[in-house]
Amino acid sequence: MKRKNSIMGMAFFGPALVLMTLFLFLPMVLTFGFSFTDYFALNPELTRFVGLGNYISIFKDELFVQSFLNTVRFVLIIVPLQCGGALLLAMAIHHGAHCKKYFKVAFFVPVVMSLAVVSTLWMQIYSPEGILNTLLGHLGINAQPFIHSARQALPSIAVMSVWQGVGYQMIIFLGGLQNISPALYEAAEMDHATGWQKFKDITLPELKPLCVFVFITVTIGAFRMLVQPMVMTGGGPDHSTYTIVYDIYETGTVNWEMGLASTMAIVFTVFVVVLTIIQNVLTGGGEKGASTESRSFGFRRKGAGSGRPGSEKEESHADETTKTM
């Protein structure tokens, strides 16, 4: 029976393992191997081992360095906007009294849309005669170049990316808010806690595991930006939206320099893994303690005599009993 279960398990798991090996594990091994060669896809027979030559050359490449810095700028813009915006939207919907389902659907619809479609749509919005410049004109503001300006292109794409992806993180935060016990807020209200105190001492500690998860996933997703600049700007103007993933794509599939592209991919992967570990260490510590502190705050407030109605009567009754004895 045990052997039969093992065979059945392998029958179900085997095809998935084969596909993962062909399309995940094997490419990873080949990428690592190619990173030490000058493999050129159009002339694979001339491939030779170059050691760390590719790793040295990419850090001397000004375009690679610029693409790396552009990616970091994009991450620094999108991470606080998307994480903070998702939390604000989730709280607004959670505390709203009407049309909750409508707003959930409305904010989540862009998430299920193709990035290429969303990018094409926002190209029209950002155009000189688009709706955004029309609205600015009514406000007395001159038309802005947006994606046609080297200075504004990257922030413009970041704003579009936030609009497209914020609904996904909003749903995650909304689920977390619905799982917070109402008793904690009721206890805080009995102690006359302000809205900010309830948010700081109850909501944030209870949502800390979700905040860490959202922060890390948004950061990784931002580093992988490719479709938006490819569709909207082609990496321009003046390579201002040329990202590291775009550079890997161009080097490997346009220039056919697979060895160099593999090196870029390895460096990029190592950087993201290290950054993720650092984020996890900085934001994951004390997760359990923060949640426990929040819960103890709620029950302490609920049981505190100074904040519970009728506590003064109970104290006076205790004094009278003491005097009688």
Side-chain angles (χ1 to χ4, degrees), residues 16-17 19-37 39 49-84 86 115 154 157-158 161-162 164-165 168-169 172 207-230 235 241-253 257-288:
L17 181 61
L19 291 175
M20 289 179 65
T21 302
L22 290 176
F23 297 103
L24 181 62
F25 301 133
L26 184 59
M28 289 171 61
V29 173
L30 290 176
T31 299
F32 182 75
F34 288 155
S35 67
F36 298 102
T37 68
Y39 179 62
F49 182 78
V50 296
L52 297 176
N54 287 336
Y55 290 91
I56 296 173
S57 63
I58 63 171
F59 287 106
K60 293 181 179 179
D61 183 4
E62 293 183 1
L63 187 57
F64 177 80
V65 174
Q66 183 179 358
S67 66
F68 182 83
L69 295 177
N70 289 340
T71 305
V72 172
R73 283 181 56 206
F74 180 79
V75 171
L76 293 177
I77 295 173
I78 197 174
V79 169
L81 288 179
Q82 190 158 328
C83 294
L115 265 175
L154 192 66
I157 293 178
S161 300
V162 170
Q164 190 272 338
Y168 181 76
Q169 284 76 34
I172 295 175
L207 291 180
K208 185 176 180 180
L210 286 181
C211 290
V212 174
F213 170 76
V214 168
F215 185 63
I216 292 176
T217 54
V218 170
T219 302
I220 294 175
F223 271 109
R224 294 166 52 205
M225 181 181 70
L226 171 65
V227 177
Q228 301 96 309
M230 181 184 294
T241 58
Y242 199 70
T243 63
I244 189 170
V245 178
Y246 200 173
D247 196 9
I248 294 171
Y249 167 80
E250 289 265 322
T251 304
T253 62
E257 297 177 286
M258 300 300 295
L260 204 57
S262 298
T263 305
M264 294 178 181
I266 294 295
V267 171
F268 172 68
T269 302
V270 171
F271 175 78
V272 173
V273 169
V274 171
L275 182 63
T276 302
I277 293 173
I278 293 173
Q279 286 180 333
N280 200 22
V281 170
L282 293 179
T283 58
E287 206 170 273
K288 184 176 179 181

Between Pro229 and Tyr242, is any pair of side-chain heavy atoms under 4.5 Å apart?
no
Is there side-chain contact between Phe36 and Val50, with at least one heavy-atom pair below 4.5 Å?
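Side chain of Phe36 against side chain of Val50, heavy atoms only: no contact under 4.5 Å found.
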Quick one: side chains of residues 212-221, donor-acceptor pairs under 3.5 Å with protein atoms, not counting sequence neighbours, listed by atom name and distance.
from, atom 1, to, atom 2, distance (Å)
Thr217, OG1, Phe213, O, 2.9
Thr217, OG1, Val214, O, 3.0
Thr219, OG1, Phe215, O, 2.7
Thr219, OG1, Gln279, NE2, 3.2

Rounded distance [0.5 Å steps], [atom1] in [X] versus [atom2] in [Y]:
X	Y	atom1	atom2	result
Leu30	Ser262	CG	OG	8.5 Å
Asp247	Leu226	CG	CG	11.0 Å
Leu275	Phe223	CG	CZ	5.0 Å
Thr253	Ile248	OG1	CD1	11.0 Å
Phe34	Met258	CZ	CE	7.0 Å
Thr263	Phe59	OG1	CZ	10.0 Å

Ignoring hydrogens, what is the shortest heavy-atom contact between [X] and [Y]? Give both atom names and the distance.
X	Y	result
Phe64	Val267	CZ-CG1, 4.4 Å
Pro27	Thr21	CD-O, 4.0 Å
Leu210	Ile172	CD1-O, 3.5 Å
Gln228	Ser161	NE2-OG, 2.9 Å

Working note: Met225 + Leu154, criterion side chain to side chain contact (heavy atoms under 4.5 Å, CB included); need CA distance, chi angles, decisive distance, verdict.
CA-CA 11 Å; Met225 181 181 70; Leu154 192 66; 4.2 Å; yes
Taking CZ in Phe49 as the centre, count heavy atoms belonging to other residues, nucleotides or ligands within less than 6.0 Å. Is the count above 12?
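Yes.
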Are more than 12 heavy atoms from other residues, nucleotides or ligands located less than 6.0 Å from atom OH of Tyr168?
no
Got a sec, which pairs hit side chain to side chain donor-acceptor pair (under 3.5 Å) with one end in residues 58-81, sequence neighbours left out?
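Pairs touching residues 58-81 that pass the test: none.
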Tyr246 vs Tyr249 aromatic rings, parallel, tilted or perpendicular, using cut-offs 30° and 60°?
tilted
